[in-house]
Amino acid sequence: MSKPRTRQKRSSSLIQHIKEETIEEKSDQQSLPNLNADWVNSRGAWLIHLVIIALLKVIYGLFPWVSSNMSWTLTNLTYVVGSYIMFHHVTGIPFDFNSGAYDNLNMWEQIDDGDQYTPTKKFLLGVPVGLFLISTHYTDYDLTQFVINCAICLFAVIPKLPSSDRVRFSINAPNDDDDDDQDDHSS
Amino acid sequence: MSGLEKINATLHWLSGLSERVPGAAMVGRYIQRSHQNDPVRTALEIGLALFAIRYFLASRKAVSKRTYVPFTEKEVDELVEDWYPEPLVPESLDLVQRMQLSRNPILVGANGPKTHITSPPPLYPVAADDASPHSPSSPGTDSASLVTSSSDLSSDGELIAPHNAIPPHYSVSKAFEPIDYAAFSTKEVVNFALPSLYSFDQRPEVKANAIRITREYGVGVCGPTGFYGYLDVQISLEKRMAAFLGTEDVVIYTQALATATSVLPAFCKRGDIVVADQSVNFAIQKGIQISRCTAHYFAHNDLRDLENILEKVYTSSLKRKPLTRHFLVIEGIYDATGQIPNVPEILKLAKKYKFRIILDQTWSLGVLGDKGKGILSRYNIDPTDIDITIGSLAHSLGSGGGFCAGSNDVVAHQRINSPAVVFSAALPAVLANSAEKSLDLLESEGDKLLADLQKNIQAVRAVLSKVSNLIKIMSDPDSPLIIVQVKHEVLISVLKRRGPLVPEISYDETFEVNGLGQLKRRVSAGKIPLPFSLSGKSTTHRRRRALSNSKVTYDAERVILQEIIDLCLQDGVLLSRQIAIESLERRPIKPALKIIVPQGLTVKECEKSANVVKSALQKVLGKKH
């Protein structure tokens, strides 16, 4: 193998790449099944996305001051923001099975051991795209609503792209160079 | 024809399709409606749809390299068929390991400051020639087969063969010759290798109590406390221990070694930071490794190096977002060197840089402070200032097991989060009760016991200091654990004079400059790394070389020390040397003699035994040989 990867960081960039795990971390990741991410592959987990979208639509429809057009946009917005928090914002896992070996990865990166183009990932990317097409259709192609829905859709799709894998946006990110001298204090 | 007309024409053609393809009518209607004379949006939506199709059609792709090799069913079967279990003791032991195995004394009867020993049957004969006059009593064919079974027969055979196979200029070490077993059939020796300093376990009242408790409670408990609860004797020991140490609560561990390896992972997780002395004992090293935390090591007992590291860790932690736990790990008396840290200063630094202290009192409990309450009592430090205190019931208390003392929160956390508490069977009642009785004895007779122990320690040190031209006593004057290192220049002159001890363990002149010189510098800077590193850094190779270089002279030194130990044993003093599994230690362990002075001897006996050690040192290391 070539020399180990370190954190790739440009001097003034807001973009950072999470560095590849050490062998120790990888073996900790493989030591037990990742209960945080494995459930998304079951059928019920796919169905629940559609159920939640339908419920959101019904709930927004209950408010008299929300128009039918508006309720589709709100459904889209709620679903996308909710799934963003779940899949892309929260990192690590709530269980103590892997000695914190997943601490740096969000749920999307944990699904299917980080593989891309898996059936579940295809489904999860397809849902916001379909929701966008439906939303624009039912909002009668109103320009404002279209722009909002389009922005929401991009917000959902971009983090799911393979090129966004292990990329973090942050302002004033800490310098992680010190992590390299683990077990070997050298200064 | 404008672009708009073209799109309109295409849509018209599409609507025509709908009559031929079933279901296309609906799609056509959707597209027609959504077009709405807005080509930009249509293009965007088509682009999105194309992207989605491309994404759906792409095949699965792994991002990171797999850490495992995928095998077919057949390959797995083949591997399973080929596999055979490795022997517990590897067949190809090196010379020093074989020497060690042949030198394990066997105790006969009770262990104490004076004990009876016999020698082991030759497991791995170091000189396996049938013609030797000192041939072991067991059948020679057996011992020979052990040697000949190893693959490199010729070189190995030569190595362990007696004088005739070795060129005359080699002065073969006596440590490789078979022991004269006739001289050793149960012989009384003074035991300078006994961690149970006061031999509480040999007191009649403790023995009687142990018999009563065993009759009442049985030999052990069959599971963790989480399964079957606590025995009253265990709870009573925890309370007694907490009162003795002055902490809020104590949790008892079943084994001393498992205490540190379990307490550290219970509190430090990945991302947490541990700063530890570079000479911390094996259990703490393993605890740090298991906990997956980030570890920094400071030079042994070096407060300035410690402050540098604490400051660096503290300032860099201020920039990090999730605030992690910071721990500082020290020992009361260091197992590796017998030295005592300056706890008040360390406590000040820990408070300044917001570190929690984990203190290992394995050796200091029962030895230092008022009535043996440990190093905190010696320095008049409030025990609650130290967050976590760990220790052993197997050393001065003469029982078995370990303990961890701290606040109620620290202890309660361990009862459900510490691996050894949760998963390991609880401490047997008889050990818990014996430890409690030992604490009672320490409290009632502590002043006298500690004074006796100090007298003995000083007597031994006074004798040993007469040969201070040969040796360096590493330990603190108050430590019953006396670590004796051979002075570097003495060692070199001995090795030069004697030449290679056996062909394999030779002494390389160039090493003095390149190897050990470099090694010494590295030790003083606190930078000796893991023997083997998983991270695959570019410097690993250089470090490995330094380590293997150190192994050569260290092996030679070990043989010299074993000669001293053998001489002492002949004259009735049993002592030990630093023995470690090199591959598992963080840094190479400097060979040294390990003398543990027990309380149960008179000052005269101590002086006599120390004189035995002294003359053995003079005989092996002295100028005239």
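Numbered from 1 within each chain, the chains take letters A, B, ... in sequence-line order.
The closest side-chain heavy-atom distance from A/V129 to B/Y55 is not below 4.5 Å. Residues B/R270 and A/D28 meet the side-chain proximity criterion, which asks for heavy atoms closer than 4.5 Å.
Heavy-atom pairs under 4.5 Å with chain B peak, among A/L143, A/T136, A/L133, at A/L133. Contacts with chain B were tallied for A/P162, A/A101, A/G126; A/A101 has the most, counting heavy-atom pairs under 4.5 Å.
Applying the 6.0 Å contact sphere to CZ of B/F282 captures more than 12 heavy atoms from other residues, nucleotides or ligands. More than 12 heavy-atom neighbours from other residues, nucleotides or ligands sit within 6.0 angstrom of CG on A/L62. No more than 12 heavy atoms of other residues, nucleotides or ligands lie within 6.0 Å of CG in B/L323, so this atom counts as exposed by the packing criterion.
Between atom CD of residue B/E45 and atom NE2 of residue A/H137 there is a gap of 10.0 Å, rounded to the nearest 0.5 Å. Expressed to the nearest 0.5 Å, how far CG of A/D103 lies from NZ of B/K269 amounts to 11.0 Å.
With a 4.5 Å cut-off on non-hydrogen atoms, A/E109 does not touch chain B at all. Interface residue B/L44: only side-chain heavy atoms are found under 4.5 Å from chain A. Residue A/N104 does not touch chain B at all, counting heavy-atom pairs closer than 4.5 Å.
Side-chain atoms of A/K122 come within 3.5 Å of backbone N or O of B/A58 as a donor-acceptor pair.
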